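Below is one structure, written out as structure tokens; comments come after it.
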Amino acid sequence: MAATTTTNASAEAEAWSILERAAESSFPPLQAVHHLLSVGACVRCILRLLGAYSSACSCASLTASVLHSFLEERDDSIGGSCSCLSADTSYCSVCLGVLLPAWHRDEGLETPNIDNISSKISQVVQKEGYQVDEFTLEISLPPVIAANERAVRLYMKQKFGNENWFKDKLFPQQTMSVKEALRLLIVSSLEKQMNAKHGNDSFRIRLTYTHDDASQKLHSLLPNEHGRKRKTDSRNGNNTSSEAHKRNSTDGNNKQISESDSFIYKTLEGIEDQEFCNLIQLPPEKVSKPCHLVISCMRSPIFIGGRYLKLSRNVSQSCWIIDDERMGEASVEEIIGENVSAICRGDSCKFHAAGREDIDVRMLGSGRPFLVEALNVRSIPSEIEVQQIEDRINSSEKKYVRVRNLKLVGNEIWTMMREGEAEKQKQYTALIWTSRELAENDLHNISVMKDMEIVQKTPIRVLHRRSPLERKRIIHWMEIEKVAGSSNYYLLHLCTQAGTYIKEFVHGDLGRTHPSIGAVLGCRAEILQLDVTDVKMDFLQ
């Protein structure tokens with residue numbers, strides 16, 4: 001009991017010390033400070049508006065009653081009983097309880113306590129299973145808070161604007177915003193709760209505050225132009241503000257709220273002070289309940305890159321389903337993505353590759369560069385874990401896909417891969433059949449061709465899904481050899497510009513590719529099998 005009394009006395013002494021320093025440096029006449037308290041502004045908003053917040057933000061004992069006692073002791077005109085000491089359950093007329101901090105969640109009203117909100121945030125992070133060393137705190141507030149702050153400023157200007165001290169003492173130009181104040185209020189406690197540092201990191205904690213009642217009232221007071229806009233939106237099937245606020249737990253609804261709030265901010269900015277005073281109640285009234293709070297977490301995508309080899313002629317690069325029927329036995333995308341997800345525990349994965357091969361074409365040699373974009377991962381893999389992903393893929397009983405040089409990379413690799421796609425060269429080996437046996441002179445003529453330009457129209461086999469274009473491509477070199485023990489079968493090795501249709505280059509595609517191997521040899525030529533043997537790009541080697 002004695003320890004509790006000592007602690008309370010120490011906390012009250014700290015609060016008085018803060019108020020004394022604030023009074024010396026930034027307080028206007030105490031009657032004006034008391035007036036802010038009387039119209040429903042919380043202590044933290046008062047100190048914030050007076051430019052004295054930073055030293056007071058974390059002092060839990062700095063309450064309305066303490067501030068009133070401080071003012072009463074220094075100004076006899078301030079009585080011991082007034083509206084600012086009422087025992088009602090109303091919340092700040094400016095921040096709507098955000099800086100108390102009090103809030104509603106779906107579970108009900110939360111107790112106003114700094115450590116309590118930090119604990120709730122930490123519990124959400126832990127429940128989702130995130131591993132966090134550093135975090136960024138994002139805060140979204142309803143625009144009614146900005147309107148309330150403007151209303152308080154204009155009210156005080158009406159009340160005290162003619163007094164000499166007003167311009168110098170009240171509401172400095174660089175007043176700390178409610179967002180900044182809340183961040184300063186809870187970050188230190190949150191760092192302790194999570195055992196992590198606050199900074200510029202890819203892991204984001206977002207606090208989304210909404211207040212349906214206050215927002216609806218603000219909507220009703222806005223100019224008619226905004227009302228007509230909202231009616232038009234409603235006819236087009238969009239939600240009005242109140243409906244959107246009720247469903248703010250999903251990304252789509254958060255986007256709706258964001259767009260609505262942005263429009264309201266813009267509308268408020270376009271209203272002159274005189275019109276604002278005619279539209280909005282001065283001073284703003286207290287509210288009977290605080291804001292509703294949604295806590296969400298998100299990590300920016302991470303990228304794992306490397307090269308893959310596809311060893312099967314019945315595996316597609318991406319998941320391929322036609323009329324609810326899977327084409328092929330598996331896909332490179334699924335095999336690699338599932339193993340990445342097992343370690344990183346993300347929401348989903350996106351697969352990006354430097355080009356693609358048909359389902360019946362193998363990818364051999366050094367492999368094709370690829371990236372897996374893992375979304376909202378709970379854990380960023382270490383080098384050892386990345387190696388485990390590679391080992392798990394390569395040790396699979398079904399030897400469909402192998403990967404090499406797997407590593408965690410930055411998102412700049414994605415841009416490099418896209419830019420390099422058009423410039424890269426690719427090498428192939430094709431098993432072809434010709435309608436006649438080739439002479440040594442035929443083999444020689446093909447082998448001496450260098451940087452041959454061909455023209456390809458969009459192949460018939462893909463014309464249903466690609467634009468009918470004409471493309472010029474370069475065949476850099478070719479070598480051809482006879483398959484032992486056969487008369488009309490050959491292995492064609494070639495290096496081409498990216499984007500060349502190799503199958504069509506062999507058989508000519510009914511004349512849509514010219515020249516073709518068939519045209520060069522003066523006979524019919526067909527491709528039986530095709531392998532990609534090298535994708536020449538300088539990264540992810």
Side-chain angles (χ1 to χ4, degrees), residues 36 39-42 44-46 48-51 53 91-99 138-159 161 166 170-183 206-234 238-246 248 253-287 289-294:
L36 283 170
V39 299
C42 68
R44 289 193 171 93
C45 274
I46 292 172
R48 180 177 60 83
L49 294 171
L50 296 177
Y53 178 81
Y91 295 91
C92 177
S93 59
V94 181
C95 72
L96 309 181
V98 169
L99 295 180
E138 297 179 349
I139 299 168
S140 174
L141 300 176
V144 65
I145 290 180
N148 289 345
E149 184 165 319
R150 184 177 178 184
V152 166
R153 289 172 181 271
L154 292 174
Y155 173 73
M156 294 299 285
K157 184 178 181 179
Q158 289 179 352
K159 192 80 175 175
F166 182 81
L170 195 62
F171 306 144
Q173 291 295 318
Q174 299 300 321
T175 299
M176 183 180 292
S177 68
V178 175
K179 283 186 182 181
E180 293 173 303
L182 180 60
R183 187 175 286 108
R206 183 172 182 82
L207 309 182
T208 302
Y209 289 88
T210 55
H211 199 291
D212 287 350
D213 294 342
S215 295
Q216 287 176 3
K217 186 168 184 177
L218 177 61
H219 274 290
S220 69
L221 297 174
L222 288 173
N224 290 334
E225 288 82 5
H226 187 65
R228 287 199 296 271
K229 171 67 176 177
R230 286 187 287 114
K231 290 178 182 178
T232 301
D233 287 346
S234 180
N238 296 328
N239 291 308
T240 60
S241 175
S242 63
E243 291 170 333
H245 280 303
K246 291 177 183 177
N248 62 1
N253 292 322
N254 281 337
K255 182 178 180 181
Q256 288 179 352
I257 293 171
S258 177
E259 291 175 351
S260 173
D261 288 355
S262 177
F263 191 84
I264 295 171
Y265 278 120
K266 187 176 181 180
T267 301
L268 290 172
E269 288 173 1
I271 298 175
E272 298 293 336
D273 284 349
Q274 184 59 50
E275 183 183 3
F276 184 91
C277 293
N278 294 333
L279 291 171
I280 307 297
Q281 177 178 325
L282 305 184
E285 60 184 354
K286 294 181 181 181
V287 292
K289 66 179 182 180
C291 288
H292 183 273
L293 172 62
V294 173

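Nothing fancy with the numbering, it's 1 onward along the sequence. These numbers come from a predicted model, not from an experiment.
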Legend entry - Among L218, L268, I271, the one residue meeting side chain to side chain contact (heavy atoms under 4.5 Å, CB included) with L279: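 Output: one option passes, namely I271.
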For [X] against [Y], the heavy-atom pair lying closest together:
{"X": "A146", "Y": "Y265", "result": "CB-CE2, 3.7 Å"}
{"X": "C42", "Y": "C95", "result": "SG-SG, 3.9 Å"}
{"X": "F276", "Y": "A147", "result": "CZ-O, 3.4 Å"}

Inset, instruction - List in chain and number order the residues that pass salt bridge (Lys or Arg N to Asp or Glu O under 4.0 Å) with R183, two or more places apart in sequence or in another chain; answer none if no residue qualifies. - result: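 For R183 there are no salt bridge (Lys or Arg N to Asp or Glu O under 4.0 Å) partners, ignoring immediate neighbours.
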Restricting to side-chain hydrogen bond (donor to acceptor under 3.5 Å, both in side chains), what partner residues turn up for [X], sequence neighbours left out?
{"X": "E285", "result": "K217"}
{"X": "N278", "result": "none"}
{"X": "K179", "result": "none"}

Nearest-0.5 Å distance, [atom1] of residue [X] to [atom2] of residue [Y]:
{"X": "R48", "Y": "L99", "atom1": "CZ", "atom2": "CG", "result": "6.0 Å"}
{"X": "I145", "Y": "C291", "atom1": "CD1", "atom2": "SG", "result": "4.5 Å"}
{"X": "H219", "Y": "D212", "atom1": "NE2", "atom2": "CG", "result": "9.5 Å"}
{"X": "S215", "Y": "I264", "atom1": "OG", "atom2": "CD1", "result": "6.5 Å"}
{"X": "L154", "Y": "I280", "atom1": "CG", "atom2": "CD1", "result": "10.5 Å"}
{"X": "R150", "Y": "L282", "atom1": "CZ", "atom2": "CG", "result": "10.0 Å"}

[X] versus [Y]: any side-chain heavy-atom pair under 4.5 Å?
{"X": "Q158", "Y": "C277", "answer": "yes"}
{"X": "E180", "Y": "I139", "answer": "no"}
{"X": "V294", "Y": "R206", "answer": "no"}
{"X": "L49", "Y": "R153", "answer": "yes"}

Legend entry - P284: partners by side-chain contact (heavy atoms from CB on, under 4.5 Å), with sequence neighbours left out: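 In terms of side-chain contact (heavy atoms from CB on, under 4.5 Å), with neighbours along the sequence ignored, P284 is linked to S93, N148, A151, V152.
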Legend entry - Contacts of type side-chain contact (heavy atoms from CB on, under 4.5 Å), residue A214, not counting sequence neighbours: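 A214 satisfies side-chain contact (heavy atoms from CB on, under 4.5 Å) with L96, V144, H211 only.
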